[in-house]
Amino acid sequence: MKPKQGQWHLLTGTIMGILLGVVFSLWILPVQYIDTEPNTLRTSDRERYREVVANAFLVEADTNRALARIALLQDANSSSALISQAQVLLASNGNAQTARGLALLGAAVNQPSLRITPLPSAIGMGSTPTLQTPTGSQEAITVMPTLTPAATRTPFATFTPRPTALPSPTLGAAFVLAKQEDICDPLPKVPLIEIEVKDASGKPIAGVKIQLSQVNGGSETFYTGLYPEVNEGYANYVMTSGMEYALRVGEAGQLVSGLKIPVCKTGSSSSAPGSIYLLFQQP
Amino acid sequence: MKKSRLVGFVIFILIGFVVGLIYGWVINPSGVKNTTLASLRADFKADYVVMVSEIYSSNHDLETAKKYLVVFKPGRTPIQAVQDALLVGQQFGFSEREMRALADLEIDMTSAAKAETP
């Protein structure tokens, strides 16, 4: 007499199949989307997109257009994303011009009225497309795309090298805090730590390393010089509500601690977050 | 395990697999995220190519332009991507400057490709 066998193997097989199918359809071969929008791009492609927008911004100098393009990415903080990408690029000895474009665009996000001088372009100046005649003749028609004869391309303007993340540019006296004040008028769009670094003669210095740490852990390093339109010694950092920061300018500069978002009174009972301005100078 | 039981087991695995596929592809597909530049809508792609052509108009660095446009592979080569952008530009009424920038890039890329071909 044979023992009676149940149908459990069928249920087991079904469950195994479902699991395999779900894993396959969600991870191994997920749905491929087409006709997507830039805000869905993966990280590497978002960076590539920002890079291209920033470089195009340097050529077109059309701030509104560049901002509209960057807005398509729907970053939580476009300015921060652009500037951090510029810093990463500089730190990895990447293309200085691209880093400049990213930094300028990052500045333009906070300051939409920012205008830059476009790099010269030679659109329509360099190529003379040749079309074959439809009669089969070997003669060709030369189409001049511009009214101006253009035998040679316009030489490109030389690019002024951007400051790179160099070691602290001075081995002299350490930077000390010369001025600290809260900025409430005008009220900033985002609460910033705005830092200016100057040498003993009062000249702004680019490429100075700034180390910033948070009281509850975590630290970041950034450099002056990414906002040449403000000045070469300027840098800023977006503060987060409830956080307390400490920072040091240069390798052996004075440590400034207890930095947090100042509260600005905007009325009898209302308030808004302000920014902090710090001036560091060599004695 | 008897042969008939084994066959039933395999059949039900396959049935479960199909059910799993339907769940992952139709009922609850993964969200639209982590997409690539190649999957962008045609007008966004064309705008991207316009930006590359504007950059090229300034630096005339064909390698950089190709590097930016190679993201559309394997579907479209860099030259095809520029040609696509020209077509979209005609449909959407891109400015003359943009069309010229695209045309310049397309011509130079085609010339370079011909020069590379023995």
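Because the structure is a prediction, the values reported are computed rather than measured. In what follows, every chain begins at residue 1, and chains take the letters A, B, ... in the order their sequences are listed.
- By the side-chain hydrogen bond (donor to acceptor under 3.5 Å, both in side chains) test, A/Asn236 pairs with A/Tyr227, A/Tyr234, sequence neighbours left out.
- Atoms CZ and OH, from B/Phe44 and A/Tyr49 in turn, are 7.0 Å apart once rounded to the nearest 0.5 Å.
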Test side chain to side chain contact (heavy atoms under 4.5 Å, CB included) applied to A/Val31 and B/Val32, step by step:
CA-CA 9 Å; A/Val31 175; B/Val32 189; over 6 Å; no

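- When each of A/Thr40, A/Ile34, A/Asn39, A/Asp35 is checked for a side chain to side chain contact (heavy atoms under 4.5 Å, CB included) with B/Thr35, only A/Thr40 meets the rule.
- Residues of residues 64-75 of chain A lying under 4.5 angstrom from chain B, judged on non-hydrogen atoms, are A/Arg65, A/Arg69, A/Leu72 by number.
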Between A/Arg48 and B/Val71, is a side chain to side chain contact (heavy atoms under 4.5 Å, CB included) present by the stated rule, with each step listed?
CA-CA 9 Å; A/Arg48 174 66 58 89; B/Val71 294; 3.4 Å; yes

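- To the nearest 0.5 angstrom, A/Thr14 atom OG1 is 8.5 Å from B/Ile13 atom CD1.
- Under the side chain to side chain contact (heavy atoms under 4.5 Å, CB included) rule, A/Ile18 has a single partner from B/Ile22, B/Val19, B/Val18, which is B/Val19.
- Rounding to the nearest 0.5 Å places CZ of B/Phe12 at 8.5 Å from CD of A/Gln7.
- To the nearest 0.5 Å, the span separating CD1 on B/Ile11 from CG on A/Leu10 amounts to 9.0 Å.
- When the ring-ring contact (aromatic ring centres under 6.0 Å, His included) test is applied to A/Phe24, the partners found at least two apart in sequence or on another chain are B/Phe17.
- Distance check, rounded to the nearest 0.5 Å: CZ of A/Arg42 to OG1 of B/Thr36 gives 5.5 Å.
- Within the 4.5 angstrom heavy-atom criterion, atoms from both the backbone and the side chain of A/Thr12 approach chain B.
- In this structure, chain A has no heavy atom under 4.5 Å from any part of B/Leu14.
- With sequence neighbours excluded, the residues forming a side-chain hydrogen bond (donor to acceptor under 3.5 Å, both in side chains) with A/Thr36 are B/Ser39, listed by chain and number.
- Atom CG in A/Asp62 sits 9.5 Å away from atom CD in B/Glu54 (nearest 0.5 Å).
- For the set A/Val53, A/Val59, A/Val52, A/Asn95, the count of heavy-atom pairs under 4.5 angstrom toward chain B peaks at A/Val52.
- Residue A/Val23: no heavy atom, backbone or side chain, is found under 4.5 Å from chain B.
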